[in-house]
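Basis for what follows: all heavy atoms, side chains included, without hydrogens, waters or symmetry-related copies. Only a predicted model underlies this, so the values are computations on that prediction, with no experimental measurement involved.
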Amino acid sequence: MYTPRKMTLMSLLSVIIFLAVVGSGVVMFSSELDRRVVDDSTQLVSRYLNSQREMLSALSDDYNNWDVAYDNIRDGDMDSFYENYASGAEGGDVFTELHILNAFNHRSTSWTQGSADVPVYDDSYTAGLARTVRTMMAGRPIMPQTSFQFYTFDEGGFKLHAASYVMPTDPIRLRTLTTTDASVAIMTRVIDQDALTKMGRDLLLTQVTLSAAPVADRSYFPVLGPDGAVVAYVNWISAQPGSELVRWMLPWLLLVSLVFVAVSSAIAIVAHRNATMLLAREESANRAARTDSLTGIANRMAFNEGLKNQSTALRNSVALIYLDLNNFKKINDTFGHEVGDAVVIGVSARLSELSKNNTLVARMGGDEFSVVITNCADAKAEASAVLLQIEALLEQPLIINQNSFNLSAAIGVAINDNIVQEPSEMLRRADVAMYHAKRSSDQSAQFYDDGIDQTAKEDFLIERALRAAIEMPDELDILFQPMVSARTGQFVKAEALARWHSKTIGHVSPEIFITIAERSGLIGELGQILFEKICSRIVEYPDLHVSVNVSPIQLQDDAYLLDMNRIVAKYDIAPSRIEFELTEGIIVENRQLAAVRLKLMHDMGFKTSLDDFGTGFSSIGYLRHMPFDTLKIDRSFLLEGASEPKCLQLIKSMIIVGQSMGQNVVCEGIETEAQAKLVKSFGCDLFQGYFFDKPIPIEVLAQKYLKNYSHKVA
C-alpha cells in the first residue's frame, strides 16, 4: 500500500537519481571534452612541427641536388656557395643556419642568417653536430634522395636540422661520387620563443614554451632527437571548454541541490551519512587490497602476487616459511580480542625486522604469518638462518597491558628446489609441514618432504572416512574394559573405549581417529554419538558403572555437559553411573576452566576421574581444589618400574596421596600377576589391565562380570 511517506521517499529517490545522472553526465562530458581538446591541440602541434620539417626537407632536397653547389664546394669557392644559398635564405624564413661538412678540404664551415653572407671556417663550431650527422649518414648510398631531419636542444636553443649529401645532377658525375668525396650540407632552422609564440597564434594556443622536461599542468608534445630519444618538450595551456561548461552549470546545479536539501534535509543527512560510510568502506577496501589493516604489513593478496612473480620470474630457489601461533585462541578467550589483536600486532612488528630486499613478510589471516625468501642461492640454508631469527624474536616475552606472553609458533617450510611451482602448491606444502610441526612432540619447525605429505594425505582419507562414519555411525562401536577391586577381586566398573572399523580403510586406532577428530572439529559430533552408544548399551544393566574419556576440546565447549545430561535423561540413566575421565594435561593447561567444568559435572550428578596421573606436572595443590572421585595412575610408571625402582616408589606415593584425599586409586596397565601383587601391596584400590581382561563387548562383559565374578589376587 502506498503511503504519503512512501511516495515522498520514492519522489526524493527519483530526484537523487536524476541529480546523480545529470551530475555524472556533466562531469563525464566535460572531462571527455577537455580530453579531446588536449588531443586535438597535440595533433595540431605535431602537424605544425611536421610541416616545418617538410618545408626544410623540400628546400634541402632542392639546393643540395645542384651542380653549381657541388662545383663550388669542390673548387673551394665557399664564398660563391654561401652567396647562392644565402640569396634564397635571406628572403625567407625556412632556414637560418647552414653548415657544410667539406669532403674535399675536410674543413667545416658555417653561415648564419644576417651575417652578410660571410662563412665561418671553424670546425669546433659544428664539431658536435658533425659527429651526429656523420653517424647518421654512414652507410647511406650516394644517390638523389631526401634529406634526414632531426631536432637538437642545447644551450644554443631548439633547432630543426635537415642533412643530405651535396650532389651533382649529372648521372655520369654522380656514379663516380663516393662517400669519401661527398660533402654534407646541414640546413638548420632555429626555433626560438618568437617562433613558438607565432605557432601559438597560428594554432590558437596559449603560452607556448619550450623546456627540457614537461611543465606541470600543461599539455606537451615530445620532440625527438637523432637517436630517437626526447630532446625537448613543447608546452602550452590547452583550452578547457568542459571545465568552463561545468562552471557555468554549477550555479544551476547548486540551486537545484539547495531546493532539494531544503525540502528533505533529514533524508539528505541520512543519505550523506550513508554515502560517507560507503566511501569510507571503499577507501578502506582499497587500502586493504594489499596491506593488512590490523598490522600494516603485506596481506594474503600481496603474498600471492609476490610469490607468483618470484616463482615464475626466477629460477633460483624460493623458500616459504609458514607460521601459526600456538595457543592464540586461549589468549583471545582469556584476555579478550583486543589483547589478541595487540599480540598479532606485536608479532607482526617483530617479524617485520626480517624484511629485506629478498624477503617478504605477510599476515595470512588470524594468527598465521608467512615469510617468503626469494632469489636464494641455497634456499634451505637461508630458511634455516631465518628460522633462528624467528625463534630469537619469539622467545622474547611480549608485554601487553602489564601481561607477559611467552609465544611460540608451529612452523612449516617449503622450498621450490629451482623448480617453478604455483604459489598455491608451495603454500599447501608449507601448510602441510606446519601442521606436522603442530602435531609433533618437540614442536620444532618442519621442512616439507614427501613423507609428511603422505601422512597428511592419510590423515585426510581418515578424516573423510570419519565424516562418513559420523553420518552413518554403524561403523563405530564401544568396548568395555573392566576394573576390579584389588582387595576382593570383584568387578567394580568398566572403562568405555571407542572402536572404529571403517568399511573403506579398515581398523583405525582410537589414538589416531580421536586426534584427527579433535584437529578437524569433528570431536563434538563424534563424542555425542559415542556417548549415546554407551548409554544405549548400559541401559539394560542398571548396576553397571562406566568411565568415559573427555577430550580437551569437548571440555572447552559450553554445551558439552548439557548435551551429555540430555542424553542420560533420554535413556533414564542416573548420572552417578557415569564417570568422566579428564587427563592431567587438561587440568594443567587450563586449571580455571577445568575447575568450573568439574563443579558443574558434580552438580549434575556425574562422577569424575583424573586420568594419566603423574604425567603432567602433578601438583598436590590443584588436587586439593579439584573434586575428583577417582585417581588413575598412568601405566608408564608400572612399565618402567622393572628397570627404575624410583617409579615404584612414585606409584606408592601417588596411592597414598590419592587415598588421603578420599579418592579411589586405579592402577592401569596391569599385565602380569606379579605386577598385580606388587601394586596390591602398595594399597591400590582398583586394577585395570590385560591381566584381568582386554576391552570386550557389553554382552561378554555382562556374561563374565555381572554374575558373581571374582578374580582374587593372592
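Within the 3.5 Å criterion, the main-chain N or O of Gln396 finds a donor-acceptor partner in the side chain of Arg350. Side-chain N or O atoms of Arg499 include none that pairs as donor or acceptor with a backbone N or O of Ile478 at under 3.5 Å. With hydrogens and angles disregarded, no donor-acceptor distance shorter than 3.5 Å links the side chain of Asp611 to the backbone of Leu582. Put simply, the side chain of Glu305 never gets that close to the backbone of Ala302: no donor and acceptor are under 3.5 Å apart. Listed for the Asn416 side chain is a donor-acceptor partner under 3.5 Å among the backbone atoms of Val318.
Contact detail for Ala298 and Val361: the closest heavy-atom pair is CB-O, 3.6 Å. Taking both residues in full, the closest heavy atoms of Ala362 and Asn299 are given as CB-O, 3.9 Å, listed atom of the first, atom of the second, then distance. Among all heavy-atom pairs drawn from Ala414 and Ala430, the shortest one is CB-N, 3.6 Å. The shortest non-hydrogen separation linking Ala496 to Ile534 is CB-CD1, 3.5 Å. The heavy-atom pair separating Phe150 from Gly225 by the smallest distance is CB-C, 4.5 Å. Of all non-hydrogen atoms in Glu668 and Asp634, the two that sit nearest each other are OE1-CA, 4.1 Å.
Atom CD of Glu368 is separated from atom CZ of Arg363 by 10.0 Å, given to the nearest 0.5 angstrom. To the nearest 0.5 Å, the span separating CG on Leu388 from CD on Glu391 amounts to 6.5 Å. We find the CD1-NE2 distance between Ile411 and His436 to be 14.5 Å, quoted to the nearest 0.5 Å. In this structure, the separation between CD on Gln556 and CD1 on Ile553 is 5.0 Å, given to the nearest 0.5 Å. Considering NZ of Lys694 and CG of Leu497, their distance stands at 13.0 Å, rounded to 0.5 Å. Expressed to the nearest 0.5 Å, how far OG of Ser219 lies from OH of Tyr233 amounts to 14.0 Å.
By the side-chain contact (heavy atoms from CB on, under 4.5 Å) test, Leu562 pairs with Met604, sequence neighbours left out.
Looking only at side-chain heavy atoms (C-beta outward), Glu579 and Thr608 stay at 4.5 Å or farther from each other. Contact annotation: the side chain of Ile505 approaches that of Ile462 to within less than 4.5 Å [non-hydrogen atoms, C-beta and beyond]. Using a 4.5 Å cut-off on side-chain heavy atoms (C-beta onward), His507 and Trp500 make no contact. Considering only heavy atoms from C-beta on, Asp367 stays 4.5 Å or farther from Lys329 through its side chain. The side-chain heavy atoms of Ile297 and Thr291, taken from C-beta on, include no pair separated by under 4.5 Å. Annotation: side chain of Leu600 is not in contact with side chain of Asp558 (no heavy-atom distance under 4.5 Å). The shortest distance between side-chain heavy atoms of Glu581 and Val548 does not fall below 4.5 Å. By the 4.5 Å heavy-atom criterion applied to side chains, Val413 and Tyr322 are not counted as neighbours.
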(message) Would Asp477 and His501 count as a side-chain contact (heavy atoms from CB on, under 4.5 Å) here? Give the steps.
(response) CA-CA 8 Å; Asp477 196 10; His501 187 85; over 6 Å; no
(request) In sequence, state the C-alpha distance, the side-chain angles, and the governing distance for Thr515 and Asp459, and then conclude on side-chain contact (heavy atoms from CB on, under 4.5 Å). (result) CA-CA 10 Å; Thr515 301; Asp459 287 353; over 6 Å; no
(message) Quick one, Glu495 with Ser547, criterion side chain to side chain donor-acceptor pair (under 3.5 Å). Give me CA distance, side-chain angles, the key distance, then yes/no.
(response) CA-CA 5 Å; Glu495 180 178 2; Ser547 61; 4.8 Å; no
(message) If you apply the rule side-chain contact (heavy atoms from CB on, under 4.5 Å), what do you find for Ile399 with Phe405, and how did you get there?
(response) CA-CA 6 Å; Ile399 309 300; Phe405 297 96; over 6 Å; no
(message) Does Leu407 form a side-chain contact (heavy atoms from CB on, under 4.5 Å) with Phe328? I'd like the steps, not just the answer.
(response) CA-CA 9 Å; Leu407 302 174; Phe328 181 73; over 6 Å; no
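Checked for salt-bridge contact, Lys533 and Asp474 miss the test: no charged N lies under 4.0 Å from a carboxylate O. Checked for salt-bridge contact, Glu471 and Arg467 miss the test: no charged N lies under 4.0 Å from a carboxylate O. At a threshold of 4.0 Å, the pair Lys503-Glu475 does not count as salt-bridged, since none of the basic side-chain nitrogens sits closer than that to a carboxylate oxygen. With respect to Arg300 and Asp292, no salt bridge is recorded, no charged nitrogen being found less than 4.0 Å from a carboxylate O.
Surrounding CD of Glu458 are more than 12 heavy atoms belonging to other residues, nucleotides or ligands, all under 6.0 Å away. Within a 6.0 Å radius of OH in Tyr151, more than 12 heavy atoms belonging to other residues, nucleotides or ligands are found.
Checked against Val372 for a side-chain contact (heavy atoms from CB on, under 4.5 Å), the options Ile321, Thr359, Leu320 give a single hit: Leu320.
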